[in-house]
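To keep things clear, I will list the structure first and then write my remarks on it.
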Amino acid sequence: GKGMLPFESPEELEEFISSYFYMKPLTSFEANKAARIKLLAEAMLGEESRALSLSDATTLAIAALDNLPIVSGDPILMKMSSFVGVKVIW
């Protein structure tokens, strides 16, 4: 169904992810930056800020700290990226 991943087990999913992606441990500095971005979203966007998840804020934090672009078509993520200086490719 919709939203279902085509993997038989969590281990199969982890093997797939580790084969194609680098899994970087989250530092406390990055987590703090993500929390600050989430708070900034609340201040800048009000009710609309609920659409920026902590995962989205973490993506923006890592991209900002490592000077990396993100790939997204999400309008809230794109709006917040301009506030934190992250380039969006879409």
Side-chain angles (χ1 to χ4, degrees):
K2 184 177 179 185
M4 300 297 291
L5 296 174
F7 301 101
E8 298 294 322
S9 68
E11 293 79 19
E12 187 180 348
L13 172 61
E14 187 173 334
E15 182 180 333
F16 172 81
I17 290 172
S18 65
S19 296
Y20 291 96
F21 301 95
Y22 169 71
M23 297 192 333
K24 177 182 187 282
L26 187 67
T27 67
S28 59
F29 187 76
E30 292 163 336
N32 184 278
K33 175 89 172 170
R36 287 185 281 131
I37 289 172
K38 182 77 171 139
L39 290 173
L40 177 64
E42 290 173 10
M44 302 291 291
L45 304 175
E47 285 294 314
E48 194 180 21
S49 72
R50 293 182 189 194
L52 184 75
S53 68
L54 190 53
S55 296
D56 290 341
T58 302
T59 298
L60 287 171
I62 292 170
L65 291 168
D66 292 345
N67 196 30
L68 298 168
I70 61 171
V71 177
S72 179
D74 181 279
I76 301 299
L77 195 59
M78 293 171 75
K79 190 179 291 186
M80 285 307 300
S81 70
S82 65
F83 292 127
V84 296
V86 172
K87 180 181 177 183
V88 177
I89 299 170
W90 188 250

Pair up each side-chain donor or acceptor in residues 77-86 with any protein partner under 3.5 Å, not counting sequence neighbours, and list the distances.
residue, atom, partner, partner atom, Å
Lys79, NZ, Glu48, OE1, 3.3
Lys79, NZ, Glu48, OE2, 3.4
Ser81, OG, Met78, O, 2.6
Ser82, OG, Lys79, O, 2.7

Check the side chains of Glu12 and Ser9 for a donor-acceptor pair under 3.5 angstrom, ignoring hydrogens and angles.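 Per modelled atom types, Ser9 and Glu12 side chains form no pair under 3.5 Å.
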Set of residues satisfying side chain to side chain contact (heavy atoms under 4.5 Å, CB included) with respect to [X], sequence neighbours excluded:
X	value
Thr59	Ile70
Lys33	Arg36, Ile37, Ala61, Ala64, Leu65
Ser28	none

Would you please name every residue forming a salt bridge (Lys or Arg N to Asp or Glu O under 4.0 Å) with Glu8, sequence neighbours left out?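 Applying salt bridge (Lys or Arg N to Asp or Glu O under 4.0 Å) to Glu8 gives none.
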Please give the remaining members of the hydrophobic cluster of [X], linking ILVMFWY side chains under 4.5 Å, ordered by chain and number.
X	value
Leu39	none
Leu68	none
Ile62	Leu26

Could I get the full list of side chain to side chain donor-acceptor pair (under 3.5 Å) partners for Ser18, not counting sequence neighbours?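 For Ser18 there are no side chain to side chain donor-acceptor pair (under 3.5 Å) partners, ignoring immediate neighbours.
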Only pairs at least two apart or in different chains count here, so list each salt bridge (charged side-chain N to carboxylate O under 4.0 Å, His left out) that has a residue in residues 56-76.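 Residue pairs passing salt bridge (charged side-chain N to carboxylate O under 4.0 Å, His left out), neighbours aside: none found.
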What pairs meet the ring pair (Phe, Tyr, Trp, His ring centres under 6.0 Å) rule with one or both residues in residues 17-46, with sequence neighbours excluded?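 Residue pairs with at least one partner in residues 17-46: Phe16-Tyr20.
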